[in-house]
2 protein chains.
Amino acid sequence: MQKAPRSRATGRVTLADVAQAAQVSPITASRALRGERAVDPELVARVQAAVERLGYVPDPAARALASRHGTQVALLVPALSNALFVDLLEAAQGTLARAGYQTLIGVTHYDAEEEEQLLRSQLLHRPAGILVSGFDRSERTRQLIAGSGVPCVHLMETSSAEGVYSVGLSQRDAGHAMTQHLLARGRRRIAFAAAQLDPRTMQRLEGWRDAMRDAGLHGPTLEWLNPAPSSLALGGVLFEQIVGQVPPVDAIFFCNDDLAQGALLCALRMGVPVPQRVAIAGFNDLTGSDQMVPPLTTVRTPRAEIGAEAAAMLLQLIRGETVTKRCIDLGFEIVVRAST
Amino acid sequence: MQKAPRSRATGRVTLADVAQAAQVSPITASRALRGERAVDPELVARVQAAVERLGYVPDPAARALASRHGTQVALLVPALSNALFVDLLEAAQGTLARAGYQTLIGVTHYDAEEEEQLLRSQLLHRPAGILVSGFDRSERTRQLIAGSGVPCVHLMETSSAEGVYSVGLSQRDAGHAMTQHLLARGRRRIAFAAAQLDPRTMQRLEGWRDAMRDAGLHGPTLEWLNPAPSSLALGGVLFEQIVGQVPPVDAIFFCNDDLAQGALLCALRMGVPVPQRVAIAGFNDLTGSDQMVPPLTTVRTPRAEIGAEAAAMLLQLIRGETVTKRCIDLGFEIVVRAST
DNA sequence: CTGAAAGCGCTTACAG
DNA sequence: CTGAAAGCGCTTACAG
């Protein structure tokens, strides 16, 4: 009598089972399922029928080990406390999930070192693609991405550089447009107040500077840059500081809605009439901005579309399809409400 | 001359390289690294030195394929638009990352069907552990978890049931305590306003009901239950409806801060004095609640601690250690501010 | 267009 | 306490 094979079988239906049922070799079954190379349509049909019948689901670990890449996509965002990135993430995750890819989420906390560590550990899982926020990262992280050979799409900002894929908007132009809006409203002394000071914020600052300079109204005392993390409370603190300035400002353009909402609440507390005494504008059109008293004028950024489009572009790259439009600019919209 | 081996080597340092450098077998190297069984301390030292020297990093895909479980942990949360779950996630992810585990995040959108699909696809990756929000899920999802044999810890709620692991707080008691606070403030007609109507909200409702009944003040017209997703805007809508009720309520206990913040803003718009005309209370102490006008009285839930503790408990289960305290109640705190 | 063989990098089960 | 063999479930590289 033969010794029982020492089986470690997990009980799951394997590709070998499918192949046997379809009466083809495992390789053919594999190719039929992935749509790779030309396989006789009749065999493809037999394989698919067997998959259906047996309820076969590919094993991601085995696939990742055998092939260069698995079925996960690495996504790096600065923070989840900012609703912007939650929207981005959810949209990207949705598109990727529908294509059979899982999302591996890393939160960098705006820290280049942490980003590198996260990416390193994500790379171990052989992701099929990478999604990152913006272009600002350490040289080593950049090299990790390039060296991995894994396709990568950049989110939120745009770049037409060679070999770079991006879906976003011109943060500078958006900053410029909002400043134009305030100028058109007759405001002259327009302060720019920012926190966190991440690259996108600095690009908005540039837009504000250009518009102010063109109008001959720029002055360094109008710039309020605070590297602390953004929050409603900090918005209040900044507002109190700025509104006490002499000569008085007549508008404050906050680099994001968190700050602007905090400023609006602080104005309420202080009894400073908005927009009569000072106009207030924000950025991103986050939840609640339309509920403020008065409702907040802001820049609506199409982050859900950005997340979905970027994921779609990455999917193309993963499949080896040629992407003709390497840089997609989804624009922005100035949402005028009662605060300006 | 021999034919060159057809190598598919990825160039990465493998366990075999480490074993060779340390002059032990790969199995011994593997055991030394995982701390499994007793290995001669001297060999362990040699292996560790080789790991150090060669910069060896284990391949998660290979490990997942060969063993029953990989180095990822599945985490299921209802929504990321609720800051509560972002805090929970970040804390859990931090603890898991420090132990070498990656987090696989699934967002269920409060949908039992979606939860099942997400879990199913996460399970394919052979997670080492599972973290889920609360106890409310479909029977099939429950069976998927049990059938997988993967350890699971429940977040946010508590249960002392046999074989169930949970870290959270008594949502019912928290609802009861906040109602007691309002009663102690002399409020009599206290409405309970809720959205989403997830299980935790319903438990808070129970706490409110018990307190109101004990005080002989409960009435069905005081219950405002709306199944729509929670938002600032909905809070405003509910506030407007409730405040117009006859006879008038003198307090509204909202099931979460989103709603309560929206109500506070709506009160400002309508010119309804809070808390003079009506007191307002929330739940969770989300960002911004302390910045409201007036600042919001709410229940602070220790979600960061819950996330960290739950992850730590899961780690113990993964390592096969015995967990004596299967149910950890981290409590809550009534944060009294000016809105009540 | 199809397949037998080998291999991805680890761990399990068995034996000593 | 240690190891040679086999295997996890897939895909690559080669050959026909």
Side-chain angles (χ1 to χ4, degrees), chain A residues 2-20 22-47 51 54 56-72 100 123-126 128, chain B residues 2-20 22-47 51 54 56-72 100 123-126 128:
Chain A
Q2 224 180 337
K3 216 164 73 178
R6 13 187 194 159
S7 166
R8 283 199 279 152
T10 51
R12 72 199 291 165
V13 178
T14 71
L15 188 60
D17 299 330
V18 171
Q20 192 176 359
Q23 307 199 50
V24 296
S25 71
I27 309 90
T28 299
S30 171
R31 283 199 278 253
L33 286 178
R34 282 174 299 131
E36 188 225 342
R37 287 177 38 179
V39 176
D40 188 319
E42 198 198 306
L43 296 190
V44 173
R46 288 216 311 254
V47 170
V51 165
L54 302 177
Y56 169 71
V57 189
D59 184 322
R63 174 172 288 183
L65 183 59
S67 69
R68 280 183 66 76
H69 303 301
T71 54
Q72 299 187 323
L123 246 20
L124 290 177
H125 288 272
R126 316 192 193 203
Chain B
Q2 224 181 337
K3 217 164 72 178
R6 14 189 195 155
S7 167
R8 286 197 276 152
T10 52
R12 74 198 293 167
V13 177
T14 71
L15 187 61
D17 299 328
V18 171
Q20 193 176 358
Q23 308 197 51
V24 296
S25 70
I27 307 90
T28 300
S30 172
R31 285 200 277 252
L33 287 177
R34 282 174 298 132
E36 189 225 340
R37 287 181 34 180
V39 176
D40 188 318
E42 197 198 307
L43 297 191
V44 173
R46 287 215 315 252
V47 169
V51 166
L54 301 178
Y56 168 72
V57 189
D59 184 323
R63 173 171 290 183
L65 183 59
S67 68
R68 280 182 66 77
H69 303 299
T71 54
Q72 298 187 324
L123 247 20
L124 290 177
H125 289 271
R126 315 190 192 203

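Protein chains get the first letters and strands the later ones, always in sequence-line order, with residue 1 at the start of each.
Rounding to whole angstrom units, CG of residue B/Asp59 and P of D/dG9 are separated by 17 Å. If you take CZ of A/Arg31 and C1' of D/dT11, they are 10 Å apart, rounded to a whole angstrom. Spacing between atom CG of A/Leu65 and atom P of D/dC8 amounts to 13 Å, rounded to whole angstrom units. The distance between atom CG of B/Leu15 and atom P of D/dA4, rounded to the nearest whole Å, is 14 Å. The CD1 atom of A/Ile27 sits 10 Å away from the C1' atom of D/dT12 (whole-angstrom rounding). Atom NE2 in A/His69 sits about 14 Å away from atom P in C/dG9, given to the nearest Å. We find that NE2 of A/His125 is positioned 20 Å from P of C/dC8, with the value rounded to whole Å. Summarising the geometry, the separation between CG on B/Asp40 and C1' on D/dC1 is reported as 8 Å, rounded to the nearest angstrom.
With A/Arg126 contributing its side chain and A/Gly70 its backbone, the two residues share no donor-acceptor pair below 3.5 Å.
A search for salt bridge (Lys or Arg N to Asp or Glu O under 4.0 Å) contacts involving A/Arg63 returns nothing, not counting sequence neighbours. Partners of B/Val44 by side chain to side chain contact (heavy atoms under 4.5 Å, CB included), not counting sequence neighbours, listed by chain and number: B/Ala32, B/Val39, B/Gln48. Considering only residues two or more places apart in sequence or on other chains, B/Ala62 meets the side chain to side chain contact (heavy atoms under 4.5 Å, CB included) condition with A/Leu65, B/Asp59. By the side chain to side chain contact (heavy atoms under 4.5 Å, CB included) test, B/Leu54 is found to be paired with B/Val13, B/Asp17, B/Val18, B/Ala21, residues two or more places apart in sequence or in another chain being considered. Residues passing the side chain to side chain contact (heavy atoms under 4.5 Å, CB included) test with B/Pro26, sequence neighbours excluded: B/Ala19.
Side-chain N/O atoms of B/Thr28 include one lying less than 4.0 angstrom from OP1 or OP2 on D/dG3. Distances shorter than 4.0 Å separate none of the side-chain N or O atoms of B/Ser67 from OP1 or OP2 on C/dT11. For the pair A/Ser30 and D/dC10, the criterion of a side-chain N or O lying under 4.0 Å from OP1 or OP2 is not met. Taking 4.0 angstrom as the limit, B/Thr14 places none of its side-chain polar atoms (N or O) nearer than this to OP1 or OP2 of C/dG9. Note on A/Arg34: a side-chain N or O is less than 4.0 Å away from OP1 or OP2 of D/dT11.
Among the duplex regions that DNA chain D forms, those built from at least three successive Watson-Crick or G-U pairs under 3.5 Å are C:1-3 with D:14-16, C:5-12 with D:5-12, C:14-16 with D:1-3, ordered by first number.
The side chain of B/Ala66 sits closest to D/dC8 out of D/dC8, C/dT2, C/dG3. Picking from D/dG9, C/dC10, D/dT2 the nucleotide with the shortest atom distance to the side chain of B/Arg63 gives C/dC10.
Across all non-hydrogen atoms, the minimal contact from A/Leu15 to A/Ala29 is CD1-CB, 3.9 Å.
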